[in-house]
Number of protein chains: 2
Amino acid sequence: MKQPTICPKFEKAISLLSQRWTTLVIYQLLLGPQRFNEIQTSIGISGKVLSDRLKELENQGVVKREVIPETPVIIKYSLTEKGQSMEPILKTIENWSQTWIKLESELSSN
Amino acid sequence: MKQPTICPKFEKAISLLSQRWTTLVIYQLLLGPQRFNEIQTSIGISGKVLSDRLKELENQGVVKREVIPETPVIIKYSLTEKGQSMEPILKTIENWSQTWIKLESELSSN
DNA sequence: TATACTTACTTACATAAAGTAACGTGGTGA
DNA sequence: TCACCACGTTACTTTATGTAAGTAAGTATA
């Protein structure tokens, strides 16, 4: 590793977003507040890593964790304002993917 | 891992972009065609991983590798049309980061 | 009271990815 | 011939992720 010459804010954003699963977790939460198991089963992440990611995203102020003392207790994860503000990023990626990504099943003549 | 329920094209795009370094390599190449060592020193990636990423990006049709038989030989990496088309994604992330990312040095009152 | 069940994790261990540093290759120049 | 440079590759270590079993708090059931 040498010394990078890139804007540190951009770099920090990238290092967040390019952690495996982070983007998908945020994408999922853009659909609305969700519980641990909902996120887990809908994106197919392991419990261990989801736990790590949610903690990190909470630390970064992207995700909010709420304990609802019902019976049984419900833990609800949702996006903060900062998290919501990432929607354009996800939408841009989504748009791009629709135009440019070819799936295995479509790769015939390239 | 359970079964995910997300658009496969979007997922494939995410799995590309959320590989460590991929985004930074593309970002760097958006500044113009560059040689191996230029990329390496400007983003601070190890030669081994850069080599892997460039191969993968070439396979995905994002990066083009050109051998220029000068003296000594020059290997020039540049973005294909598909690679160039990712610029909006990077710009969106850059904009977001300027507004929302706080650096260590700025974290006093949060 | 004991047993079993649920959600939301955590822990222990195995595999995969990334980092580091040394080496290989093809060509130049001294 | 020896040293040097660009562009990698290889061998080995460290870190991240996956898998499966376990824990804790609360209920319901017998």
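Reminder, nothing fancy here: chain letters follow the sequence lines and each chain counts from 1. From a predicted model like this one, the values you see are computed outputs, not experimental measurements.
- Set against C:dG19, C:dA8, D:dC7, the side chain of B:Phe36 has D:dC7 as its closest nucleotide.
- Regarding contacts with the backbone of D:dC5, every side-chain N or O of B:Arg35 stays at 4.0 angstrom or more from both OP1 and OP2.
- The distance from atom CG of A:Leu24 to atom CZ of A:Arg53, rounded to the nearest 0.5 Å, is 11.0 Å.
- For the OP1/OP2 pair of D:dG18 and a distance below 4.0 Å, the side-chain nitrogens and oxygens of A:Trp21 include at least one atom meeting the criterion.
- Per the geometry, CD1 belonging to B:Ile45 stands 15 Å off P belonging to C:dA17, to the nearest Å.
- Here D:dT17 is the nucleotide among D:dC7, C:dG19, D:dT17 with the atom lying nearest to any side-chain atom of A:Lys48.
- One finds no side-chain N or O of B:Lys76 lying less than 4.0 angstrom from the OP1 or OP2 phosphate oxygen of D:dA6.
- Residue B:Ile68 shares its hydrophobic cluster (ILVMFWY side chains chained together at separations under 4.5 Å) with B:Ile74.
- Between A:Lys91 and A:Glu94 there is a salt bridge, with a side-chain nitrogen of the basic residue lying less than 4.0 Å from a carboxylate oxygen of the acidic one.
- The side chain of B:Ser46 places no N or O atom within less than 4.0 Å of a non-bridging phosphate oxygen (OP1 or OP2) of C:dT20.
- For B:Arg53, taking side-chain heavy atoms from C-beta onward, the closest of the listed nucleotides C:dG19, C:dT10, C:dA17 is C:dA17.
- The phosphate of C:dT7 (OP1 or OP2) has no side-chain N or O of A:Tyr77 nearer than 4.0 angstrom.
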